[in-house]
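Written out below as structure tokens is the structure these notes cover.
Values below: every heavy atom of this structure, side chains too, minus hydrogens, waters and symmetry copies.
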Amino acid sequence: RRVHGVIPPSCIQLRNIILSASPRHMRLPDPFMPSLKVDMLPEIHQAPRLLSHFKAVLTAADLGGDLDSYLHTRAPAAFVQTLVARLHSGPDAALDVSLLNAL
């Protein structure tokens, strides 16, 4: 499990602090600087490294094939309507956070 996956959803500020953390040596651009050109940052050309095994999580939940099919063909139309129910581990259960993050 990831750290942010075990933080309760009601602890929004704590989750935001953890998700916005960066190494000390990294100098982040000021988002309020009017001359900031995001497309000129050298990091924009690097693909992000995904450290989670999101495909395995989607496949284990029997969602991977259906999701790929919907994204390519927009069919079946019922996929979107059933997606929320499929993100729950049971009829009265809470959201499956790892599945939601993988999606």
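For M40, the CE atom is loosely surrounded, since the number of other residues' heavy atoms within 6.0 Å does not exceed 12. Dense packing is recorded around CD of E43, with more than 12 heavy atoms of other residues, nucleotides or ligands lying under 6.0 Å away.
Residues L100 and L87 have side chains in contact (heavy-atom distance under 4.5 Å, counting atoms from C-beta outward). The side-chain heavy atoms of V38 and L36, taken from C-beta on, include a pair separated by under 4.5 Å. Looking at heavy atoms from C-beta onward, V97 lies out of side-chain contact with V6 at the 4.5 angstrom threshold. Counting only heavy atoms from C-beta outward, the side chains of C11 and I7 approach each other to under 4.5 Å.
No salt bridge links D96 with R86; every basic N to acidic carboxylate O contact stays at or beyond 4.0 Å.
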Cut-off 3.5 Å, no hydrogens considered: what does the side-chain donor-acceptor table look like for residues 54-63, sequence neighbours left out?
unit_1	atom_1	unit_2	atom_2	d
T59	OG1	K55	O	2.7

Only pairs under 3.5 Å count here: list side-chain donor-acceptor contacts from residues 70-80, not counting sequence neighbours, and write none if there are none.
unit_1	atom_1	unit_2	atom_2	d
T73	OG1	S69	O	2.7
T73	OG1	A75	N	3.3
T73	OG1	A75	O	3.4

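Every residue was checked against the side-chain hydrogen bond (donor to acceptor under 3.5 Å, both in side chains) condition with D68, not counting sequence neighbours, and none meets it.
For the atom pair CG (L28) and OG (S20), the distance works out to 9.5 Å, reported to the nearest 0.5 Å. To the nearest 0.5 Å, atoms CG (D66) and CG (L83) are separated by 10.0 Å.
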